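Data first, discussion second: the structure below is written as structure tokens.
Residue numbering restarts at 1 for every chain, and letters A, B, ... go by the order of the sequence lines. Only a predicted model underlies this, so the values are computations on that prediction, with no experimental measurement involved.
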2 protein chains.
Amino acid sequence: MARSNPTVITIAEEAGVSIASVSRVFNGQPVREETRIRVMAAAERVGYVPNAVARSLKSSRTDQVAFAVEDIGNPVYLAMLRQIQPVLKEAGYRLVLHSTGADTDEEIEVLRGLGQRYADGLIISPIRVTERHLAEFRKAPAPVVVIGSLSEDSPVDNVRADSRTGVELAVDHLLGLGRRRIGFVDGPLDTVPGGARDEGYRAAMARRGLPVDEDLVHVGGFDRATGAAAMRRMLHGGAPIPDALLCANDLIALGVLDELRSAGLAVPHDVAVVGMDDTDLAAASWPALTSVSLGSAERGRRAAALLLERLADPDALLAPRVVTVAPHLVVRASTGGEHGTADGRPAAD
Amino acid sequence: MARSNPTVITIAEEAGVSIASVSRVFNGQPVREETRIRVMAAAERVGYVPNAVARSLKSSRTDQVAFAVEDIGNPVYLAMLRQIQPVLKEAGYRLVLHSTGADTDEEIEVLRGLGQRYADGLIISPIRVTERHLAEFRKAPAPVVVIGSLSEDSPVDNVRADSRTGVELAVDHLLGLGRRRIGFVDGPLDTVPGGARDEGYRAAMARRGLPVDEDLVHVGGFDRATGAAAMRRMLHGGAPIPDALLCANDLIALGVLDELRSAGLAVPHDVAVVGMDDTDLAAASWPALTSVSLGSAERGRRAAALLLERLADPDALLAPRVVTVAPHLVVRASTGGEHGTADGRPAAD
DNA sequence: TTGTACGCGTTATCAG
DNA sequence: CTGATAACGCGTACAA
């Protein structure tokens, strides 16, 4: 259906002008009006569209930005993506999406891949940050923005959540409800979120002068089964049960709810439950889940903004910047608040 | 930090060979072992990475595939993406993501954009299919696969769901439970999914010899508020209330559950509820939601496979293919089945 | 096996 | 204002 694609040369011949004029027309440079008309007419006639690749080779800009996360199915990363996408589009960039899987090597691969120059910049949210990551950040051939906490002197722009404050918000909320035996269920401690949330929990308890009862602390995966297992252990372990439970994400909290329900305990009457990340699941569950939002959406938006600044002026050589996004608590029924609502979204066929 | 990027020329000089040899080394072509070593050494020394853009210009392949949907936040599209991504990666393609918004013009823009040759192919799931879409499909300069029902003689590969059968599964299930007054809540009829599901509902009822009571049919948006509004109307409208409700997606079903709960009616005892799309929300709700899966994940996977076939042999000129993915019912508590479970997913910081 | 030279489609420079 | 021509970085005939 498509014979060999029309190029500037095709158009030049077709319009009886030089290829330089064709180029000028398509780049809005000063041209005589008649030339303009003829070129546009010729282009229209043969359906000419400028080749993005050739353009990139010449300009050494791809108009693409890459976004790399471990699993785009994770609502937290999805929330970031949903903010990043429109910001980039607005600025004229396409989005290249990498879903790396739990594999650290793949993340490194993405970083190195930047050397191929298929993208003008990268936003990445690593699940763990290793020395290799830092090394790659340092020698990255294009601007990189990292979402997730980095050490203070890291070589790249960094947008971070504030888990500690987030956890404090939840603890204070529960204390305000008169709860004192506040349990905690976390994911792996060697991940960025898992580690930060554990620290946050202990710090918050200490600051309130509350002892941490290790019988009420459970570490597993960031999944529903972990929440159920933790609750089961606490219910049947012999020790006094908690009157509140803080969960490191909403999925864990759902598991906790499951188990409380089958044990015939009432939420929040017997046990109050708080999740983290404030995903769609929080509003969908019953009772609707109070959840600590760590501002994933805003982190995405801020990261995109930082990157765009660098791209706008690649030679600026600004010092690495650190942006911290404040958490906030979304109170719903699982701690005695109001029921939440979810926004609408169309189906697909 | 990075002076002008190393190119084949840099390496050639550094290694004391010709640029052709450098190229050969990096493309696995026969080279004397010593040459190989020296080139690799030189490349290592200066940190050379082949430029993807230049390579593309030469090969006229970008190793990129575009995926375009209305809103990547929609769980259905997300499910597709999650399958498409790894398949493409495995085949060596990067994924360019377009989230077009409800705007049809933007979809057309994406289609036309293919002319810029920034991608080797496109997978698109349009919310509506207009004449303009068909025209663009016809003259697309690269292979296109459409997810969503197209007319029989459409010019491109097409992966479709089977809403009618899906709805029938649900209706049969409800009939099997002894329900007879089966209501229906749908989204806009002029969208692909809305239209298909409405037809499916009426066909299924007719085939079972059941009359459609228009008092039990409600059309609104694909959102939670619509579900609540519909249920409210049916409860307080004066007509006998339904003993079962089929909802065009899970979000609508959640709204229905909300309203039933505040009316003090029991699910499924008084009213059984069925959702569609089988998203994460279905397993998260309480009672867990029976839902019709239209196989979003499989549709994504199949679409990717079709596209890869075309890309593998661009000259094959196969006739357009149509793949229909079978729906299936996931029975949970909202119709009296077992409780569902959700898979685990890590949090992020 | 290796090197030279050209072309991929554009943009930019420099004369005219 | 316009046209010829040289890059951009790579792959590859073709010749040696």
TODO: Tell me which nucleotide among C:dG9, C:dT2, D:dC10 gets nearest to the side chain of B:T7.
DONE: D:dC10

Open item on the list: Please find the pair of heavy atoms, one from A:L57 and one from B:V53, that lie closest to each other, and give the distance.
Closed with: N-CG1, 3.5 Å

Task: Nucleotide nearest A:A20 when distance is taken to its side chain, options C:dC8, C:dG3, D:dG3 - done: D:dG3

Task: Candidates C:dG9, C:dT4, C:dA12 - which lies nearest the side chain of B:I19 - done: C:dT4

TODO: For B:F26 and D:dG11, give me the distance from atom CZ to atom P, rounded to whole Å.
DONE: 10 Å

Open item on the list: Heavy atoms only, 4.0 Å cut-off, all strands: where does B:V31 land among base, sugar-phosphate and nothing?
Closed with: sugar-phosphate

TODO: Check the distance between C:dG7's C1' and B:L57's CG and give it to me in whole angstrom.
DONE: 9 Å

- [ ] Would you indicate what A:S59 reaches in the nucleic acid, counting non-hydrogen atoms under 4.0 angstrom: base, sugar-phosphate, or nothing?
- [x] nothing

Task: A:N5 vs C:dG9: side-chain N/O to OP1/OP2 distance below 4.0 Å - done: no

Task: Expected output: side-chain A:R310 to main-chain A:L318 donor-acceptor under 3.5 Å - done: yes

Task: Rounded distance (Å) that lies between atom C1' of C:dT11 and atom CZ of A:R61 - done: 13 Å

Task: Gap between atoms CZ and P, on B:R55 and C:dG9 respectively (whole Å) - done: 18 Å

Open item on the list: By the 4.0 Å heavy-atom rule, please label A:V17 as base, sugar-phosphate, or nothing.
Closed with: sugar-phosphate

- [ ] Give the rounded distance in Å between these two atoms: CD of B:E13 and P of C:dG3.
- [x] 13 Å

Task: Short N-O contact, B:K89 and A:E106, less than 4.0 angstrom - done: yes

- [ ] Go through the steps for B:N5 and B:T7 under the test side chain to side chain donor-acceptor pair (under 3.5 Å), then give the verdict.
- [x] CA-CA 6 Å; B:N5 284 315; B:T7 74; over 6 Å; no

Open item on the list: Under 4.0 Å, counting only non-hydrogen atoms across every strand here, what does B:S23 touch: a base, just sugar-phosphate, or nothing?
Closed with: base

- [ ] Could you say whether B:E34 or A:A54 is positioned toward the 5' end of DNA chain C, judged by the nucleotide with the nearest heavy atom to each?
- [x] B:E34

Open item on the list: Students often get this wrong, so: under 4.0 angstrom with heavy atoms, is B:P30 touching a base, only sugar-phosphate, or nothing?
Closed with: nothing

TODO: For the side chain of B:S21, starting at C-beta, report the closest nucleotide among C:dT2, C:dT10, C:dT4.
DONE: C:dT2

Open item on the list: In whole Å, I'd like the distance from the CD1 atom of A:I11 to the P atom of C:dT11.
Closed with: 13 Å

Open item on the list: So for A:R24 and D:dG3, does any side-chain atom that can act as donor or acceptor lie under 3.5 Å from a complementary atom in the base?
Closed with: yes

TODO: Measure the CG-OH distance between A:N51 and B:Y118 for me, rounded to the nearest 0.5 Å.
DONE: 13.0 Å

Open item on the list: Rounded to whole Å, please give me the gap between CZ in A:R32 and C1' in D:dG3.
Closed with: 13 Å

Open item on the list: Run B:E13 and B:R45 through salt bridge (Lys or Arg N to Asp or Glu O under 4.0 Å) and show every step you take.
Closed with: CA-CA 13 Å; B:E13 290 171 350; B:R45 214 174 313 138; over 6 Å; no

Task: Contact under 4.0 Å: B:N51 side-chain N or O vs D:dC10 OP1/OP2 - done: no

TODO: Return no unless some side-chain N or O of A:Y118 is found under 4.0 Å from OP1 or OP2 of D:dG9.
DONE: no

TODO: Check the distance between D:dC1's C1' and A:I37's CD1 and give it to me in whole angstrom.
DONE: 16 Å

- [ ] Look at the side chain of A:K58 against the base of C:dA12 and say whether a donor-acceptor pair falls under 3.5 Å; ignore hydrogens and angles.
- [x] no

- [ ] Assign B:Q29 to base, sugar-phosphate, or nothing according to its heavy-atom contacts below 4.0 angstrom with the strands shown.
- [x] sugar-phosphate

Open item on the list: Using a heavy-atom cut-off of 4.0 Å across all strands, would you classify A:I9 as base, sugar-phosphate, or nothing?
Closed with: nothing

